[in-house]
Amino acid sequence: MNDLTQTAPRPGFAPLDLGARPLTVQFAAVLLGTLVLAISSQISVPMVPVPVTMQTLAVTLIGALYGWRLGAITITAWLFEAALGLPVLANGNGSLLSFVGPTAGYLFAFPIVGAMVGWLVERGWSGSRPVLAFAAMLAGNALCLVVGALWLSILIGPEKAFLAGVVPFLLGGVLKSALGAAILMAFGRLRQRTQ
């Protein structure tokens, strides 16, 4: 057996393999994931109109580690908490107004981003393949910027949306993608040791 067949994940595989766990474990994972998302939202550099946060790192990792379905459910549950008024978004925000303001496009993109990254990781774009893991994370960050900027362009125009809603986040997106890929690699190594 060669190295490629030993490290390639089975189809439908997510690093934490939560889909194979009991519903109580999955429910606990969703609650933990929403807490991680809320905490990552508070790690923020205030900018106008969109702050720089660690949300995209958390969103991509939850998708990657939980799998596309449970990742999207977790991220949607977190957004539902925000809609209920819980202070789980950047700078302790949370209300229905968050879903019509400048950051709404990014918020609506998050479940899609988590699902996409989870789907890619389940198909082998994981820690056993660092370049593909980085590409999956980068694709998630890029999708978030595109959807976020599209909404922002409705509010402030395309050029301003690009300059305020994309450009300041490019370097951070690359760095968060590299960090996300490194975390996936660490999970992959840990999983190999426990098997």
Side-chain angles (χ1 to χ4, degrees), residues 1-41 43 52-79 106-148 169-195:
M1 195 181 294
N2 65 34
D3 288 338
L4 188 59
T5 58
Q6 288 176 348
T7 60
R10 67 184 186 274
F13 172 77
L16 296 180
D17 207 14
L18 290 170
R21 311 254 185 215
L23 284 177
T24 53
V25 172
Q26 292 181 34
F27 183 75
V30 169
L31 291 178
L32 178 63
T34 62
L35 178 62
V36 168
L37 285 160
I39 291 169
S40 72
S41 299
I43 304 169
V52 175
T53 69
M54 295 302 284
Q55 288 172 332
T56 50
L57 175 62
V59 163
T60 54
L61 279 174
I62 285 174
L65 296 173
Y66 281 28
W68 78 268
R69 286 183 187 98
L70 195 58
I73 289 168
T74 301
I75 297 162
T76 302
W78 166 65
L79 294 176
Y106 304 94
L107 295 176
F108 284 115
F110 285 154
I112 301 164
V113 166
M116 182 189 73
V117 173
W119 187 85
L120 290 171
V121 167
E122 287 175 359
R123 276 142 191 83
W125 294 42
S126 61
S128 61
R129 297 177 176 155
V131 173
L132 289 178
F134 173 75
M137 296 291 178
L138 194 60
N141 276 278
L143 178 60
C144 186
L145 289 177
V146 168
V147 175
F169 302 97
L170 292 175
L171 179 59
V174 172
L175 295 175
K176 288 184 228 179
S177 297
L179 180 57
I183 291 169
L184 282 182
M185 286 174 55
F187 268 96
R189 287 185 186 134
L190 181 65
R191 191 158 179 92
Q192 284 179 343
R193 287 184 193 146
T194 59
Q195 289 179 344

Ala77 versus Val30, closest heavy-atom pair with distance: CB-CG1, 4.0 Å
Supply the atom-to-atom distance Leu61 CG to Met54 CE, rounded to the nearest 0.5 angstrom. 9.0 Å
What pair of heavy atoms forms the shortest contact from Thr53 to Ser41, and how long is it? CG2-O, 3.8 Å
About how many Å separate CG of Leu31 and CG of Leu35, when rounded to the nearest 0.5 Å? 9.0 Å
If I take atom CG from residue Leu184 and atom CG from residue Leu179, how far apart are they, to the nearest 0.5 angstrom? 10.0 Å
What distance separates Trp78 CH2 from Leu107 CG, expressed to the nearest 0.5 Å? 6.0 Å
Closest heavy-atom contact between Trp125 and Ala136? CE3-N, 3.8 Å
Using residues 139-147 as the side-chain source, report each donor-acceptor pair under 3.5 Å to any protein atom, sequence neighbours left out, with the distance given to one decimal.
from	atom 1	to	atom 2	distance (Å)
Asn141	OD1	Thr56	OG1	3.3
Asn141	ND2	Met137	O	3.0
Asn141	ND2	Ser177	OG	3.1

Work out which heavy atom in Ala64 is nearest to a heavy atom in Val117; give both atom names and the distance. CB-CG1, 3.9 Å
Trace of the side chain to side chain contact (heavy atoms under 4.5 Å, CB included) decision for Val174 with Phe134: CA-CA 9 Å; Val174 172; Phe134 173 75; 4.2 Å; yes
In Å, rounded to the nearest 0.5 Å, how long is the span from CG of Leu65 to CZ of Phe187? 5.0 Å
Exercise: do Gln55 and Ser40 side chains pair donor with acceptor under 3.5 Å: no
Could you pull out the closest heavy-atom pair between Arg21 and Gln26, with the gap in Å? O-NE2, 2.9 Å
To the nearest 0.5 angstrom, please state how far the CG atom of Leu32 sits from the CG atom of Leu37. 9.5 Å
Would you indicate whether the side-chain heavy atoms of Pro111 and Ile75 approach each other to under 4.5 Å? yes
Heavy-atom nearest pair, Ala58 first then Val36, reads CB-CG1, 4.4 Å
